[in-house]
Amino acid sequence: FRIKSNVGDYVFRGLSIKDAARLQHLYKEAEKTGWQINFKRQKKDLAFIAKWIGEIQERKYFQRSSVFNARASLAEELEKKLPGKIPVSLWQSESAKNLETIRQFPYHNPQHRININQEYVPKETERREKLFNEIESNPLTEEQRQAVVKDEDANLVIASAGSGKTSVIIAKAAWLIEKGLRKPEE
């Protein structure tokens with residue numbers, strides 16, 4: 001009789017069929033209980049990272065390198081704390097679904113954040129078209145719109161005099177408030 005676990009295989013000899021079945025049942029119950037305890041400990045972080053991944057998939061926010069890297073590190077930590085195959089009896093739990101979402105997300109790939117942002121920028125400029133058309137007397141140009149929605153840790157706008165840098169700053173402030181990323185008093 002053999003039990004396969006996340007840490008190795010255990011072989012038992014000389015057990016009756018009844019005893020082997022009982023041992024297997026007890027092992028599965030203990031494994032399930034262990035997963036439930038670990039899911040309970042990690043529930044908040046699992047939900048947080050799964051929500052973040054959902055927002056990424058919807059292209060809701062520009063993925064700043066500092067934020068992306070910090071959350072990718074937390075996702076990696078969660079995977080290390082919760083290794084192995086989730087028991088079938090827990091597959092439908094919220095924590096199991098969140099862990100599977102994390103496991104399937106390619107946060108290890110540095111190019112992935114760049115690809116996400118390349119898809120985000122045109123979607124966000126389209127979503128905020130009314131703001132960009134009406135914030136100043138003339139609508140913002142495509143380059144100005146991109147400068148507004150690229151919300152990296154540090155942004156630098158270099159342009160000649162009279163080219164619309166102030167319009168970008170005004171639009172950036174309005175966009176941050178409209179998107180809920182900042183409050184008017186900030």
Participant: Where the side chain of Ser93 meets the backbone of Ala96, is there a donor-acceptor pair that is under 3.5 Å apart?
Facilitator: yes

Participant: How long is the span from the CG atom in Leu82 to the CG atom in Asn98, to the nearest 0.5 Å?
Facilitator: 11.0 Å

Participant: Salt-bridged, Glu124 to Arg127, with N to O below 4.0 Å?
Facilitator: yes

Participant: Decide whether Val67 and Ile114 are clustered together by the hydrophobic rule: side chain heavy atoms of Ile, Leu, Val, Met, Phe, Trp, Tyr closer than 4.5 Å, transitively.
Facilitator: no

Participant: Could you report the tightest heavy-atom contact between Lys165 and Ala159, atom names first, then the distance?
Facilitator: NZ-O, 3.2 Å

Participant: Would Phe12 and Tyr27 show up in the same hydrophobic cluster when neighbours are defined by side-chain heavy atoms closer than 4.5 Å?
Facilitator: yes

Participant: Ignoring hydrogens and geometry beyond distance, is a side-chain donor-acceptor pair present between Ser65 and Glu152 at under 3.5 Å?
Facilitator: yes

Participant: Let me check something: do Ile116 and Ile102 share a hydrophobic cluster, defined by ILVMFWY side-chain heavy atoms less than 4.5 Å apart, either directly or through other members?
Facilitator: yes

Participant: How long is the straight-line distance from CG of Leu99 back to CG of Asn38, given to the nearest 0.5 Å?
Facilitator: 10.5 Å

Participant: Do the side chains of Val148 and Ile170 join up, straight or via other hydrophobic residues, at under 4.5 Å, putting them in one cluster?
Facilitator: yes

Participant: When you compare the side chain of Asn155 with that of Lys172, does any pair of heavy atoms fall below 4.5 Å?
Facilitator: yes

Participant: Looking only at heavy atoms, what is the nearest atom pair of Ser95 and Lys43, with distance?
Facilitator: OG-CG, 4.0 Å

Participant: Quick check: do Phe62 and Val149 have side-chain heavy atoms less than 4.5 Å from each other?
Facilitator: no

Participant: Going by the side chain to side chain donor-acceptor pair (under 3.5 Å) test, name the single residue among Glu79, His112, Arg113 that passes it with Tyr107.
Facilitator: Glu79

Participant: Output side-chain donor-acceptor pairs under 3.5 Å for residues 48-56, partner residues at least two apart or in another chain, one line each.
Facilitator:
unit_1 : atom_1 : unit_2 : atom_2 : d
Trp52  : NE1    : Gln63  : OE1    : 2.9

Participant: Find the distance between CG (Leu46) and NZ (Lys81) and round it off to the nearest 0.5 Å.
Facilitator: 9.5 Å

Participant: Which heavy atom of Gln144 sits nearest a heavy atom of Thr141, and at what distance?
Facilitator: OE1-N, 2.7 Å

Participant: Within the 3.5 Å criterion, strictly below it, is a donor on Asn115 or Gln111 matched to an acceptor on the partner's side chain?
Facilitator: yes

Participant: Quick one: list whatever passes ring-ring contact (aromatic ring centres under 6.0 Å, His included) with Phe39, sequence neighbours left out.
Facilitator: Trp35

Participant: What are the two closest non-hydrogen atoms of Ser167 and Leu140, and how far apart are they?
Facilitator: CB-CD2, 3.9 Å

Participant: Atom CG in Leu74, atom CG in Asn69: separation rounded to 0.5 Å?
Facilitator: 12.5 Å

Participant: Are there over 12 heavy-atom neighbours, none belonging to Glu126, within less than 6.0 Å of that residue's CD?
Facilitator: no

Participant: Answer whether the closest heavy-atom distance between the side chains of Arg145 and Asn133 falls below 4.5 Å.
Facilitator: yes

Participant: Could you give the distance from OH (Tyr10) to CG (Leu23), rounded to the nearest 0.5 Å?
Facilitator: 11.5 Å

Participant: Taking atom CG of Leu131 and atom OG1 of Thr125, what is their separation to the nearest 0.5 Å?
Facilitator: 11.5 Å

Participant: Under 3.5 Å, is there a donor-acceptor pair between the side chain of Trp91 and the main chain of Ile86?
Facilitator: yes

Participant: Please identify each residue that fulfils salt bridge (charged side-chain N to carboxylate O under 4.0 Å, His left out) with Arg103, with sequence neighbours left out.
Facilitator: Glu100

Participant: Are the side chains of Trp175 and Asp151 in contact, using a 4.5 Å heavy-atom criterion?
Facilitator: yes

Participant: Please tell me whether Tyr120 and Val168 are part of a single hydrophobic cluster in this structure, the criterion being side-chain heavy atoms less than 4.5 Å apart.
Facilitator: yes

Participant: Indicate yes or no for a side-chain donor-acceptor contact from Lys179 to the backbone of Lys60 under 3.5 Å, with no hydrogens or angles considered.
Facilitator: yes

